[in-house]
Amino acid sequence: MKQSAPASATATDWKDAMFRTHAPEFVRILAGRPACIDPSWLGRIFPRAERRVSILDLGCGAGRLLRPLANIGSSVVGLDYSAELLACAMSEAQALGNVTLVKGDMRNLGDFFPKQHFQVIVRAYTSLGYFSRTVEGQILRACHDVSTPDGRLIVDTFNAEWFRAHPVIERTTHLADFDLLEHYAWNEGLHSVRCLWRYTRGDTVITEIPFDLDGYTLTELDQLLSTAGWARELLIRNIDRFQTAHENEGLERLVVVARKAKK
Ligand SMILES: C[S@@+](CC[C@H](N)C(=O)[O-])C[C@H]1O[C@@H](n2cnc3c(N)ncnc32)[C@H](O)[C@@H]1O
């Protein structure tokens, strides 16, 4: 395979390569993976759903979830650090009317929002392993601060148990003008998933983005939530399939709803 000069060669962080330098490719990948949100979930979490619900879409990216969230909540704030992805979300946000976009780093949540502001925080498809466990704990604590006392957090992560059982996974997606190869390999020593996303056009490699995502077992996820003042309420199949999942049924991704507990 030919290796063209990858545009990400100077990027030091995989997130910058994926979500900023190669934002156009990332947007096209997501366009082929529409995500909806099961509209029943709000009523299940908050039975008196006529109340106003303010939602934070943490790591909203190009705004894939903004419309379904805006249909559920009275107001939605989408926060992302990528100006390139937020630019793609802008016209949707303006058309919706009850959505505000904020450019910011989720590691500094307290700089952007007052305490006890959001009823629901959704961090979808932004696996917990993006940052070290210490930093993930800090982010979850900041989420706790900006949530109302009855606040809920929906968060997902790779399931370490599943990857242990499926140590090497490879998937190819054909898009209109390039192909995406995803390669995932479980690293038992680091307790993480070694990931590689490779974009190719014909036999030319556009770029390769290697990254590691921490794996969490459900027990580890519960512990992390607990240290940040959250308690798992539900394990669900996915945000668009809000059905309770069983702990031992082998899910690739753990998606949980947590409620505020004492820190
Ligand atoms: C896999 S995408 C998911 C986007 C969106 N939630 C969706 O489902 O379409 C992860 C998102 O996290 C954002 N992100 C990564 N690091 C971030 C940070 N430190 N602060 C805020 N957003 C961040 C990326 O820019 C990207 O939009």
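Just follow the structure's listing: the first ligand is 1, and inside any ligand the first atom is 1. For the single chain, residues carry numbers from 1 onward in sequence order. Quantities reported herein were computed from a predicted structural model and do not represent experimental measurements.
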* Would you check, one step at a time, whether the test side-chain contact (heavy atoms from CB on, under 4.5 Å) holds for C195 with D212? => CA-CA 6 Å; C195 315; D212 291 287; over 6 Å; no
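- Contact check on R133 versus D214 returns a salt bridge, with a Lys/Arg side-chain nitrogen under 4.0 Å from an Asp/Glu carboxylate oxygen.
- Remark: minimum distance from atom 2 (S) of ligand 1 to any protein heavy atom is reached at F26 CZ, 3.6 Å.
- Remark: ligand 1 atoms within the under-4.0 Å shell around heavy atoms of G104 are 20 (N), 21 (C).
- Residue A35 places no heavy atom under 4.0 Å from ligand 1.
- Close approach of ligand 1 to G61 is summarised as follows: ligand atoms under 4.0 Å from at least one heavy atom of the residue are 27 (O).
- Under the 4.0 Å criterion applied to side-chain N and carboxylate O atoms, E92 and R64 are not assigned as salt-bridge partners.
- For ligand 1, the atoms closer than 4.0 angstrom to any heavy atom of F131 are 19 (N).
- In terms of protein heavy-atom proximity, atom 19 (N) of ligand 1 is nearest to D105 OD1, 3.0 Å.
- For W186, the side chain to side chain donor-acceptor pair (under 3.5 Å) test picks out E188, with sequence neighbours left out.
- Annotation for ligand 1: atoms under 4.0 Å from non-hydrogen atoms of L30 are 9 (O).
- Distances between N or O atoms of M106 and those of ligand 1 include at least one value under 3.5 Å.
- A cation-pi geometry, defined here as NZ or CZ lying under 6.0 Å from the six-membered ring centre and within 45° of its normal, does not hold between R33 and Y125.
- When the heavy atoms of Y130, Y81, Y125 are ranked by distance to atom 21 (C) of ligand 1, first place goes to Y81.
- Within the set D80, D16, T126, the minimum heavy-atom distance to atom 26 (C) of ligand 1 is found for D80.
- Note: Y184 and F158 have perpendicular aromatic rings, judged against thresholds of 30 and 60 degrees for the angle between ring planes.
- For D177 and R28, the salt-bridge test passes: some basic side-chain N is under 4.0 Å from an acidic carboxylate O.
- Close approach to C60 involves these atoms of ligand 1, each under 4.0 Å from a residue heavy atom: 5 (C).
- In terms of protein heavy-atom proximity, atom 9 (O) of ligand 1 is closest to R64 NE, 2.8 Å.
- For the side chain to side chain contact (heavy atoms under 4.5 Å, CB included) test, residues two or more places apart in sequence or in another chain that qualify with E25 are H22, F178, Y199, I206.
- Within ligand 1, counting atoms from 1 as listed, the ones closer than 4.0 Å to a heavy atom of K15 are 16 (N).
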* Just do the side-chain contact (heavy atoms from CB on, under 4.5 Å) check on I37 and L65 with the steps written out, would you? => CA-CA 7 Å; I37 293 190; L65 299 174; 4.0 Å; yes
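- Looking only at protein heavy atoms, the nearest one to atom 4 (C) of ligand 1 is G59 O, 3.3 Å.
- Note that R107 lies outside the cation-pi zone of Y130, set by a 6.0 Å cut-off to the ring centre and a 45° limit from the axis.
- Close approach of ligand 1 to S82 (heavy-atom distance below 4.0 Å) involves ligand atoms 25 (O).
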